[in-house]
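Notes for the one structure printed next.
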Amino acid sequence: MAMLPSLPTSPLPPKPQEAQEDQECSDFISTLPRGGWGPIRTRKYQGFWVLEIALPSVMTIQKNFKPRPDDLFVVSYPKSGTTWLKAITFATKTRTQYPLSHHPLLSLNPHDCVLNLEECFHKGQASKIEALPSPRILAIHMPYSLLPDSMTSSSCRFVYICRDPKDTLVSMWHFREKTRPKTMEPTPFIEAFEAFCEGTSAVGPMWDHVLEYWRESQRRPEKVLFLKYEEMMDEPVGKVRRLAEFIGCPFSEAEEKGGVVQEIVKLCSFEKLKNLEANKTGTQGGPGMVVTNDSFFRKGGAGDWKNHMSPEMAQRLDGIAQQKLRESGLTLGSVGLEAASCNDVPARGP
Ligand code: A3P
C-alpha cells in the first residue's frame with residue numbers, strides 16, 4: 001500500500017565519479033536542439049522535447065530505475081489533469097486503509113501522496129521511491145517510448161489522462177506565468193501557442209505523447225487505461241468504477257450501496273481540493289522549479305481556451321491534432337465535433 005512520504009531532505013554532494021558523469025551528461029545535453037518558450041526550456045531528446053532541467057533525471061530513470069511488477073503509474077502530458085487523477089487513484093486504492101472522512105488527501109496535496117518519479121530523481125531522492133512499500137503508486141510525465149524496457153515489459157500498469165490540447169496549453173501558460181521567477185519577463189500567450197503548435201513545449205509534441213499511450217492502451221488494455229479529462233468531468237462515477245476495476249480493487253456491492261464511489265468523487269472534486277488548507281499553502285518541486293500548491297487548482301473544467309484563442313487559432317490547433325491523430329481512432333477536444341462531418345477521420349475513440 002502506498003506510504004505517505006516524509007519531508008524532502010537535501011541531496012548529498014556528488015562523489016567524484018558522479019560529478020564526472022554529471023559533467024558528461026550536461027555536455028551531451030548542450031549538443032541537443034533547443035526549443036520551448038519563456039520559462040519552458042526544452043531539448044529534443046529521442047524524438048520528444050524534454051524540459052532541459054528534467055533531462056538528466058529522465059536519462060537516469062532510463063538507466064537506473066527498477067520498477068516493481070505491481071507498480072501503478074499515473075501518467076499525463078503536463079496540465080492534463082494529473083493532480084485530479086493522482087487524487088482519484090490514491091483515494092480509490094487506499095479506501096480501505098484510510099476512512100474517506102479522515103483521508104490523507106484532506107491534509108496533504110495530491111502530489112505529496114503520489115510522488116513524481118522525474119521530480120524525485122531531479123531532487124536526488126530516488127531512495128524515497130525505493131523506500132515506499134508495495135504496491136506503489138507513482139507518477140510520470142515521460143513519453144511511453146522513452147520509458148526503460150523494464151517498465152514497458154514488466155507487469156506494472158499505467159493510468160493515462162489526456163485533455164483537449166487547447167485547454168492543456170491555456171492551463172500550462174497560466175501555470176508557467178504564475179510560477180515564473182520574478183526576474184523573468186512574462187511570455188505573451190501567442191509565443192506559447194506557437195511553440196505548442198510546433199511541438200517544442202515540455203514533453204511535446206502533445207499529440208505524440210497522447211498517441212503513444214493511446215496505441216498501447218489499444219494493444220494492451222490490461223496494461224494501460226486511457227482516460228479523458230472531459231469524460232471524467234461528464235461521468236466521474238463511471239470513470240472511478242472503471243479505474244477501480246483496472247487497478248484490481250473493484251467496488252463491492254456493499255461499497256456501491258454505501259455510496260463510496262460518490263464519496264471518492266466528492267473528496268477529489270476541484271471545489272473540495274482547491275479549498276483545503278493543504279492545497280492553499282505549501283510548495284512542490286525542487287531546485288529550479290518550486291511551485292506553490294495552489295497553482296495546481298486554477299479554474300478547472302473545459303473550454304477556457306475560448307477566453308484566450310481566436311477561432312482561427314483554435315482551428316489551427318485542432319487541425320494539427322486532427323491530422324496527427326488521423327487513423328488512430330482517437331479524437332481530442334473539439335476535434336471530435338469536426339470529425340463528425342469529415343469522412344476521412346475514423347469514428348470517435350473512447
Ligand atoms: P486549469 O488550469 O484549466 O484550471 P495538472 O494537474 O496536470 O497540472 O493539471 C492542472 C489542471 O487541472 C488545472 O486546469 C487545474 O485547475 C485542473 N484541476 C486540478 N484539480 C482538479 C480536480 N480535482 N478536478 C478537475 N480539474 C482539476
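Computed over heavy atoms, backbone and side chain alike; hydrogens, waters and symmetry mates excluded.
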* Sort out for me which residue in L243, V114, I161, L225 forms a side chain to side chain contact (heavy atoms under 4.5 Å, CB included) with T89. =>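 Only match with T89 under side chain to side chain contact (heavy atoms under 4.5 Å, CB included): L243.
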* Asked: Can you check whether Y213 and H209 have ring centres sitting under 6.0 Å from each other?
  ->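 Aromatic pair counts; centres sit under 6.0 Å.
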* Asked: Are W173 and F193 close enough that their ring centres sit under 6.0 Å apart?
  ->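 No, the ring of W173 stays outside the 6.0 Å limit from the ring of F193, centre to centre.
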Can you give me every donor-acceptor pair (side chain of residues 66-76, partner residue at least two apart or in another chain, under 3.5 Å) with its distance?
from	atom 1	to	atom 2	distance (Å)
R68	NH1	L132	O	2.7
R68	NH1	S134	OG	2.9
R68	NH2	E130	O	2.8
R68	NH2	L132	O	3.1
D71	OD1	R136	NE	2.8
D71	OD1	R136	NH2	3.4
D71	OD2	R68	N	2.7
D71	OD2	R136	NH2	2.7
S76	OG	T82	OG1	2.8
S76	OG	H141	ND1	3.3

* **Test ring pair (Phe, Tyr, Trp, His ring centres under 6.0 Å) applied to W214 and W207, F226, Y160, the passing residue** =>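 That would be F226; it is the only one of W207, F226, Y160 passing the ring pair (Phe, Tyr, Trp, His ring centres under 6.0 Å) with W214.
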* Going by atom types only, do R215 and Q218 share a side-chain donor-acceptor pair under 3.5 Å? ->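 Looking only at side-chain atoms, Q218 and R215 do not form any donor-acceptor pair under 3.5 Å.
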* Could you tell me whether the side chains of N275 and E271 share a donor-acceptor contact shorter than 3.5 Å? =>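 There is no such pair between these side chains.
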* To do: Scan for salt bridge (Lys or Arg N to Asp or Glu O under 4.0 Å) pairs involving residues 36-53, sequence neighbours excluded, and state none if there are none.
  =>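 Pairs touching residues 36-53 that pass the test: R43-E52.
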Pair [X] + [Y], salt bridge at N-O below 4.0 Å:
X: K223; Y: E216; answer: no
X: E255; Y: R95; answer: yes
X: K123; Y: E119; answer: yes
X: K266; Y: E263; answer: no
X: K324; Y: D208; answer: no

* To do: Tell me, please, which residues at least two apart from N307 pass side chain to side chain contact (heavy atoms under 4.5 Å, CB included).
  =>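 Side chain to side chain contact (heavy atoms under 4.5 Å, CB included) check on N307 returns K299, D304.
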* Transitive ILVMFWY side-chain link V260 to V240, under 4.5 Å ->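 Cluster IDs for V260 and V240 match.
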* From CA spacing to verdict: ring-ring contact (aromatic ring centres under 6.0 Å, His included), W37, F196 -> CA-CA 9 Å; W37 50 272; F196 194 85; 8.8 Å; no
